[in-house]
Amino acid sequence: MNRIAVLMPVFNEEKFIRRSLVSVVNQSLKPYIVLIGDNESTDKTSSFAEEILRETDIYYEIIRVKRFAELGKLNINNVLYHLTKRLSENSEKIDYIAVVEADVVLERRYFEKLIKIFEKHRKLCIAGGVLKPFGLPQDPFPLIRLNVNLWGSNRVYKAYCWFQLNKEYDIRLLPAWDTDHVIIALYKGYHVYQVKNAVSVTLRGINPFRGKAKGYTDAIHGLPIWWALYKAMQYRDLEYLSSYIYTTIFMKKFYEKIFFIRRLYNYSAYRVFLRKILKIL
């Protein structure tokens, strides 16, 4: 079976959600379930979602999830946690889980193209396609040993793999849940695949994961201070550096829960540094 559950976290997405949801419900391989996680939107996001979904024969729910202002973009982790909890009540009915953000429009055969890859590769855990205008993601440095990465906004999981990853590692504690999921999946012996002929488009057209959110992520990941200084100078981003320093000092309680991921990032950062020195020499 190819029953797909779509998880869509949303917060004030009235500008984009209609086009995104239309692209989801009109897939050549239609979703079985659509769960919208409304992170306390203050605009018409939920009503627009209802307007699109009630005209289909797809089962859907719009679930309100409490928003924590201090987390900013990282609220998406909490939304995905609650959507997963709800979906787990019917996990036996689901074969694949797609995470689609509300500003992303999928080509009509997007799911079909990805599912064909899953059918060919038994150990495949996560697959994702092109996200225009960015294309395919490059290696998520400093993880130089990781030969593939995927966007978090247009990916599909084998259902059992999604549930296993979230059972072993609480998604609320993963500072970059999308990249961290790729790392964990590869560590556990699963495969990850970029599908180059499956195309989606982000209507927002920018990558918002900079500044404070990125500083928090790099600190929790255990990247050394010299790395943070280098990145702050490279991007001329003082918000990034201040967030990194604050997180390093005041949020140590999170560290022990993701020790494996921190160790990998820290080791890789020094490998990148050594590689750069060798090139100069």
Side-chain angles (χ1 to χ4, degrees), residues 9 11-12 39-40 65-82 101 103 134 137-146 149-153 165-166 168-184 186-187 202 204-280:
F11 174 67
N12 289 348
N39 201 197
E40 295 191 333
V65 180
K66 181 177 175 59
R67 183 170 183 81
F68 299 92
E70 66 275 14
L71 292 182
K73 183 174 171 58
L74 295 171
N75 273 281
I76 191 174
N77 299 51
N78 189 45
V79 175
L80 288 171
Y81 170 83
H82 285 283
E101 293 191 5
D103 64 330
F134 305 120
Q138 302 300 313
D139 288 351
F141 72 96
L143 300 175
I144 56 177
R145 295 176 61 194
L146 186 59
N149 197 18
L150 302 170
W151 301 112
S153 56
L165 293 177
N166 284 282
E168 295 191 20
Y169 292 87
D170 189 333
I171 195 170
R172 294 171 296 179
L173 299 178
L174 297 180
W177 70 270
D178 46 4
T179 299
D180 294 341
H181 267 187
V182 170
I183 296 167
I184 297 167
L186 292 173
Y187 175 76
T202 172
R204 190 170 275 110
I206 60 171
N207 185 349
F209 205 56
R210 296 291 184 193
K212 291 182 179 180
K214 182 62 175 171
Y216 165 85
T217 298
D218 282 2
I220 295 296
H221 275 156
L223 292 173
I225 183 63
W226 57 263
W227 180 274
L229 291 170
Y230 167 70
K231 300 308 292 184
M233 290 187 292
Q234 182 181 15
Y235 295 115
R236 299 180 182 179
D237 191 345
L238 291 178
E239 278 196 342
Y240 162 85
L241 185 59
S242 63
S243 176
Y244 173 92
I245 294 171
Y246 175 88
T247 302
T248 300
I249 295 173
F250 294 107
M251 302 190 73
K252 292 183 178 180
K253 61 182 179 180
F254 291 105
Y255 292 179
E256 61 185 32
K257 298 180 183 297
I258 58 167
F259 175 75
F260 153 68
I261 296 174
R262 282 175 54 83
R263 183 176 59 185
L264 178 59
Y265 270 89
N266 191 273
Y267 169 77
S268 296
Y270 282 94
R271 287 286 300 275
V272 169
F273 179 72
L274 179 60
R275 180 177 289 185
K276 288 181 179 294
I277 293 297
L278 291 175
K279 281 184 178 180
I280 295 173

For residues H181 and I171, determine if any side-chain heavy atom of one lies less than 4.5 Å from a side-chain heavy atom of the other.
yes
Gap between atom OG1 of T179 and atom CH2 of W151 - 0.5 Å precision
9.5 Å
Value for NZ (K231) from CH2 (W226), rounded to nearest 0.5 Å, stands at 10.5 Å
When rounded to the nearest 0.5 angstrom, what distance separates NE2 in H221 from CH2 in W227?
12.5 Å
Are side-chain heavy atoms of Y169 and I184 found at a separation under 4.5 Å?
yes
Between N166 and Y81, is any pair of side-chain heavy atoms under 4.5 Å apart?
no
How many angstroms lie between CG in N77 and CG in D170, if you round to the nearest 0.5 Å?
9.0 Å
Is any side-chain heavy atom of T202 closer than 4.5 Å to a side-chain heavy atom of S153?
no
Say whether N39 and R67, considering side chains only, have a donor N or O and an acceptor N or O under 3.5 Å apart.
yes
With V65 as reference, evaluate I76, N78, N75 under the side-chain contact (heavy atoms from CB on, under 4.5 Å) test and give the passing residue.
N78
Has L238 got more than 12 heavy atoms of other residues, nucleotides or ligands less than 6.0 Å from its CG?
no
Check: E239 main-chain N/O paired with S243 side-chain donor or acceptor under 3.5 Å
no
Quick check for you: to the nearest 0.5 Å, what is the distance between I225 atom CD1 and L241 atom CG?
6.0 Å
Taking the six-membered ring of Y216, is NZ or CZ of K214 closer than 6.0 Å to its centre and within 45° of its axis?
no
Can a donor-acceptor pair be found, under 3.5 Å and without considering hydrogens, that links the side chain of Y244 to the backbone of L223?
yes
Could you measure the distance from the OH atom of Y187 to the CG atom of D180? Nearest 0.5 Å is fine.
14.5 Å
Are D218 and Y240 close enough that a side-chain donor and a side-chain acceptor fall under 3.5 Å?
yes
